[in-house]
Amino acid sequence: MTLKQRWNNLMANQELKDKLYKIVFGSETEVGKKFDVVLIIAIILSIFIVMCDSLFRNHPWVMGAFVVLEYLLTAFFTIEYLVRLYCSPKPRAYALSFFGIIDLLSILPMYLGFFLHGARYMLMLRSFRLIRVFRIFKLFSFLEEGHLLLKSIKDSLHKMVIFFLFVVIVVICLGTVMFMVESGVPGSQFTDIPTSIYWAVVTMTTVGYGDITPVTSMGRFFSTIVMLLGYTTMAVPPAIVTSEIVKYNKKQIRRVCPNCGRIGHDKDAMFCKYCGSDLETTEMIKVSKEKNKKEEIESNNQ
């Protein structure tokens, strides 16, 4: 049997593909769970090696051991990615999916490191693969909550942009006023308006590096006002996002039971929690009755 024939037989071996699919994509079987645990351990080990690599760059023998381990882990991840492509029912769909792209990006930096210096540190992208822990421990409901948060941020983005522009204007004004108060005073660090704006940003965000401080009594009083204003403004963005989350949740729970007419059902509820009637069946019957009534009225009018 030629090499080409063996390759064709391998690609056509559906039984092997099904077995591999249950291992690398599924977490219901014992073997699949063990594979996912091994995969997560390998990801954590790889991230740890990259971090240690940056610490022991001046120790050649340590660096050599880390490089060998990283090559082995990259070979493991490469084989795993190819196996996923091989056993996936839709290889193209997997390759273009979120996990597929992350899996690919987790192995490319090592190969790019042969041509681009420092590219191997992009291996920290492998940390995104730890999201698979949600699948192992059946925590995908938390991902749905994350989707709700992202949707709320997206819906409130225009409000956030307007608020950000307002803060920029306020910071510029505060920095300019502080420059007017502190400039010309001996020992003052407010030598120009850009430096004063930088101080306003640091103070208003409550970071407080302390590299620039006012020396006059008026400047200190004005700094106190800016600090208090900063605490106020920092509470606005979370409030905007929270209001969108509340609004979204209200939309989701206003599902009405056609039988008893009460609201407050979850979006995926199948039965009314008040009267126990089948929501989907009752809704279908109600829609059907309304449709028949409408057709009867139209026929009578004709």
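One is the number of the first residue; the rest follow in order along the sequence.
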Expected list for residues 232-240: side-chain donor-acceptor pairs under 3.5 angstrom, two or more places apart:
{"from": "Thr232", "atom 1": "OG1", "to": "Leu228", "atom 2": "O", "distance (Å)": "3.1"}
{"from": "Thr233", "atom 1": "OG1", "to": "Leu229", "atom 2": "O", "distance (Å)": "3.2"}
{"from": "Thr233", "atom 1": "OG1", "to": "Gly230", "atom 2": "O", "distance (Å)": "3.0"}

Flag, side chain of [X] to backbone of [Y], donor-acceptor distance under 3.5 Å:
X      : Y      : result
Ser196 : Met178 : no
Glu182 : Val215 : yes
Ser97  : Gly100 : yes
Thr203 : Ala200 : no

- Message: Taking side-chain contact (heavy atoms from CB on, under 4.5 Å) as the criterion, tell me which of Val31, Asp36, Val83, Leu39 meets it with Val24.
- Response: Val83
Distance (rounded to the nearest 0.5 Å) between [X] [atom1] and [Y] [atom2]:
X      : Y      : atom1 : atom2 : value
Ile169 : Leu174 : CD1   : CG    : 12.0 Å
Phe76  : Ile43  : CZ    : CD1   : 8.5 Å
Ile79  : Thr74  : CD1   : OG1   : 11.0 Å
Met218 : Ser223 : CE    : OG    : 11.5 Å
Glu80  : Arg84  : CD    : CZ    : 4.0 Å
Ile101 : Tyr94  : CD1   : OH    : 10.5 Å

- Message: Can you give me the closest heavy-atom contact between Gly219 and Val181, atom names plus distance?
- Response: N-CG1, 3.8 Å
- Task: Identify the heavy atoms of Tyr198 and Asp211 that sit nearest to each other, and give their distance.
- Result: OH-OD2, 2.9 Å
Can [Y] be reached from [X] by stepping across I, L, V, M, F, W or Y side chains whose heavy atoms are under 4.5 Å apart?
X      : Y      : result
Ile197 : Phe164 : yes
Met11  : Tyr21  : yes
Phe179 : Val168 : yes
Met180 : Ile212 : no
Leu16  : Phe35  : yes

- What's the verdict on side-chain contact (heavy atoms from CB on, under 4.5 Å) for Leu69 and Phe48, showing C-alpha distance, side-chain angles and the deciding distance? CA-CA 11 Å; Leu69 287 174; Phe48 177 76; over 6 Å; no
- Message: I'd like to know whether Val37 forms a side-chain contact (heavy atoms from CB on, under 4.5 Å) with Ile41, so could you lay out the CA-CA distance, the side-chain angles of the two residues, the decisive distance to 0.1 Å, and finally the verdict.
- Response: CA-CA 6 Å; Val37 171; Ile41 293 174; 4.0 Å; yes
- Query: Is any side-chain heavy atom of Pro214 less than 4.5 Å from a side-chain heavy atom of Phe190?
  - Reply: yes
- Note on the structure: With sequence neighbours left out, the residues meeting side-chain contact (heavy atoms from CB on, under 4.5 Å) with Tyr231 are Thr206
- Determine whether more than 12 heavy atoms belonging to other residues, nucleotides or ligands lie under 6.0 Å from atom CD of Glu15. no
